[in-house]
Amino acid sequence: MPKRTTDGGSGTPKRNRNGTAATPASSPGSKRTLDFFFTNRSLNNSPVDRKPYQEKAENGNEIADEELARKLQAQFDAEYHELNQNNTARQLVQDPEHTTIFDNTGVSNSEADTLKISESDISVAETVDCGVRPPSPSKEVALIPTAAIYGSIATIDFTVSPPKFDPIEHLTALKRLIPAPYLLLTHLFTQVDATRSRIKIINGLTNFIRLLMLLDKSAITSAVWLSTNSIGPPYTALELGIGGSILSKALKTVSGISAPALKSLYDKYGDIGDVAFEAKVSVRTLVDPPRLSIKGVYDTLLQIAVAKGSKSQELKQKLVEKLLIRGRGEEVRYLTRTFVQHLRIGAVRTTMLTALARAFTFTEYGPDCAQDKLQKAEEIVRQCYARHPNYNDIIAGLLVSGVEKLAESCPMTLHIPILPMLGSITKDMSEMLVKIGNEHTEFACEFKYDGQRAQIHYDESGKISIFSRHLDLMTDKYPDIVDVLQSHRVILDSTRSFILEGEIVAVNEVTGALGSFQSLSNRGRKDVQIASISVTVCLFAFDLMYLNGESLLDVPFRTRRELLRSSFAPVPHKFAFAESIDATPLDQDAISTFFRSSIESKCEGIMVKLLDSIAATTTASTRRTKSLLSTYTPDLRRESWLKVKKDYDSAADSLDLVPIGGWYGNGRKSNFWSPVLLAVRDPDTGVFQAVCKCMTGFTDAMYKETKAKYDEGTINVTRLKPADFETPLTPEYYWVPQEVWEIKFADVTLSPLYPAAQGIISDRGLSIRFPRFIRKRDDKGVDEASSPAFLAELYQRQQSRGAEDQDDLYEQFY
DNA sequence: TTTGTCTGCCC
DNA sequence: ATTCTGC
DNA sequence: GCAGAATGGGCAGACAAA
């Protein structure tokens, strides 16, 4: 049996795009953990006696080889029969052109078919097809030319500039592989993954789509979903439901490698896809399984997503295994990343839209078409996506009517959510005033409520849809909101259809006092019945994007707000307009007062929005390079509102915490400790109580410094939990307490997990919301770290907010 | 039935 | 959610 | 300034296991 070393062979990943090789398992026990992969705690029970990666993996491989190959072969055979009986027969009827893919010739006669495509072809497929075809008896000989074509895919360079990429050049050979092979997509991913250049990434996606348009149009949507870490638009609520647990079980089955050995691999690479790649490389099969197609992979994902009920986990795992078995080389890496919806190739949304726009423009006008034509196309596609965020419909529209008429073929539609306008962070009032414009700029300040954002659609028939910030449909979660709108005369008679936006906040039904975010999240989420609602809410409306059949997106905020206020009638404690004042930069006192009152009302701070569109000006007083927008156009400027929150301010409360442990990071941070476990210190007992993990706020320099200090093998780290540590979490290593880090946060929360300050406030401990590292406190020793009592005091101070009378008294006296 | 694990989605 | 980094 | 990546606390819901 050929000897494989762990780093040798074709399988050495050239991960990190920054050029640094994946950590070699040089130092004994170079390990990483990530909760979401090996969440199974039992794996952590005996970390100390785990052997170094090499030995374990070698052992695993030895077991894997021959025996496993036979096992897999038997499995293939069984599955071919199964598929023959079930899907393939159906496929033969529905899709006769494609049945020749894996036959003797490997030639498809579907050329004509792939050039004409109807809308239905690119919508979600109903048939299930893994891209698997029964092997024909004489395939040994016949597969050679096909295999050569697969081999030639590796020579295609997608990242060259579009004029240098001629899709037709590749067509003749690739046509024999229709439906488009998954390997083609994987090859694109590999190339995109290898560069950080935005230009090359966009080129890659663009040229790939250009090729698919000629090769196999029906694969475009599938490829786009697979490239964007999703399987459908968010508002259709398709969940894969695959996490580290199912994946590690599937990997174990497919590779024959034991769970501990897989964990070692994971520790080494810091990426599940890389683990799968490595694990699968060590598996040799006697006969290669048939190749995957793009559409086949996508359809299997859909099948995984719809699996529900008893034994569904098992079914999902089976389907995952099926794909993994059929995947080869790089395919396995990206299949696996797709399973956890974390492709990490540097192209998520905007990049894909740009690529779509360019691909269709190039195909229509040739690869040398004018720059402004491209730019215009990109604007159109981005705008259409912002108003109708569904790749199925965007691509269908592009195919049917081209880029220029996309707004008509893929229009803004009631009950399809639009992308939300977002706010950018401003540290304090003065930075906000600088960003907003000159002294004549008029703007609105609104309470930033601490609840859940909601986009509400209403049509002439009275149907209501409520969408979350990330465009998930949550109408079922808020039947009380629906009821208020429908039966309390909130919607004025003249208001026949609309899209409005607001914040849903927990409130005291009687007093109208605002509740916390934590209490809002105690509400049920699915199929909530009005009678059983325990957390009452109020909707604070703040914008109106559509009214009586007309879009208001290009209308200035001042007008939208007028229409909002004149189209709805408030109902106490149920429907209100967001608290608001209008101001100019000269009104600093009024703004400060308003900001303080927002905090006292348990809000997070304020949102600042331009009221009117400002004509482009070259006035020297404004330093802004890009003006803010008063229109509702997230496609033009995603973060055109300004967020001012108390905790952004440098004067905000912070904690001085002691780092007491760390986990290995992932991806970009795979060579660093991230996250880090932090603790308060009880000065009476000297005990360190865990408060939170922290992973943000560190510069790379800080990461390196930390890694050097708490390196494996130093006296600063230990596997065994020190007796004076109280933590429910098990980091990869515990750290010897010796530093104090300043950590900022938004709120103190009652924690179901962390033990800090347990017993002072309640039998639950305390934690913090949005922890981030600010700086090291070299001036402080661990005995000067924040105490549980201090943490509890912060919690209490925070709770006393909102009790207005009390606060006023406080201010009078101090 | 009850308890525990896993996942996705709110912020 | 927040934050950092490269383009 | 954009785009993307890496990951925070904490909840309900869906299953699996006991």
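Residue numbers start from 1 in every chain, and the chains themselves are labelled A, B, ... in the order their sequence lines are given, proteins ahead of strands.
- Here A:His342 does not reach the OP1 or OP2 of D:dT7: none of its side-chain N or O atoms lies under 4.0 Å away.
- Checking the phosphate oxygens (OP1, OP2) of D:dC11, a side-chain nitrogen or oxygen of A:Gln518 falls inside 4.0 Å.
- Within 3.5 Å, no donor on the side chain of A:Arg525 pairs with an acceptor on the base of B:dC9, nor the reverse.
- Relative to the six-membered ring of A:Phe517, A:Arg769 meets both conditions, a distance below 6.0 Å and an angle of at most 45° to the axis.
- Atom CD1 of A:Ile199 has 12 or fewer neighbouring heavy atoms from other residues, nucleotides or ligands inside a 6.0 Å radius.
- Residue A:Arg349 places none of its side-chain N or O atoms closer than 4.0 Å to OP1 or OP2 of D:dC2.
- Residue A:Lys435 contributes atom NZ, which lies 10 Å from atom C1' of D:dG1 at whole-angstrom precision.
- Atom CZ in A:Phe745 sits roughly 19 Å away from atom P in C:dA1 (whole-Å rounding).
- Residue A:Ser245 has a polar side-chain atom (N or O) positioned under 4.0 Å from OP1 or OP2 of B:dC6.
- Residue A:Phe698 is tested with A:Trp673, A:Phe672, A:Trp741 for a ring pair (Phe, Tyr, Trp, His ring centres under 6.0 Å); the sole match is A:Trp741.
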Listing, residues 639-646 of chain A side-chain donor-acceptor contacts under 3.5 Å, not counting sequence neighbours, or none:
from     : atom 1 : to       : atom 2 : distance (Å)
A:Ser640 : OG     : A:Leu629 : N      : 2.7
A:Lys645 : NZ     : A:Glu604 : OE2    : 3.4

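- Between A:Thr696 and the phosphate of D:dA6, there is no side-chain N or O to OP1/OP2 separation shorter than 4.0 Å.
- For A:Arg668 and D:dT7, the shortest distance from a side-chain N or O to OP1 or OP2 is not below 4.0 Å.
- Across the protein-nucleic acid pair, A:Tyr703 atom OH and C:dT3 atom P stand 12 Å apart, rounded to whole Å.
- Taking the six-membered ring where the residue is Trp, A:Trp735 and A:Tyr710 present parallel rings, their angle staying beneath 30° rather than reaching 60°.
- Spacing of P atoms, D:dA6 relative to B:dC10, comes out at 22 Å, to the nearest Å.
- In this structure, A:Arg764 atom CZ and D:dG9 atom P are separated by 14 Å, rounded to whole Å.
- Rounded to whole angstrom, the span from the CG atom of A:Asp747 across to the C1' atom of D:dG9 amounts to 11 Å.
- Residue-level contact check: A:Lys448 touches neither bases nor backbone, having no heavy atom under 4.0 Å from any strand.
- Between the CD1 atom of A:Ile202 and the P atom of C:dG6 there is a distance of 19 Å, given to the nearest Å.
- The separation between A:Lys669 atom NZ and D:dA6 atom C1' is 5 Å, rounded to whole Å.
- Within the structure, every side-chain polar atom (N or O) of A:Arg772 is placed at least 4.0 Å from both OP1 and OP2 of D:dA6.
- An OP1 or OP2 oxygen of C:dT2 is reached within less than 4.0 angstrom by a side-chain nitrogen or oxygen of A:Lys645.
- Of the listed nucleotides (B:dC10, D:dC11, D:dT7), D:dC11 has the atom at the smallest distance from the side chain of A:Asn522.
- Contacts of A:Ala746 with the nucleic acid, taken as non-hydrogen atoms under 4.0 Å apart, are absent.
- One atom, CG of A:Leu422, and another, C1' of B:dC10, lie 15 Å apart when rounded to the nearest Å.
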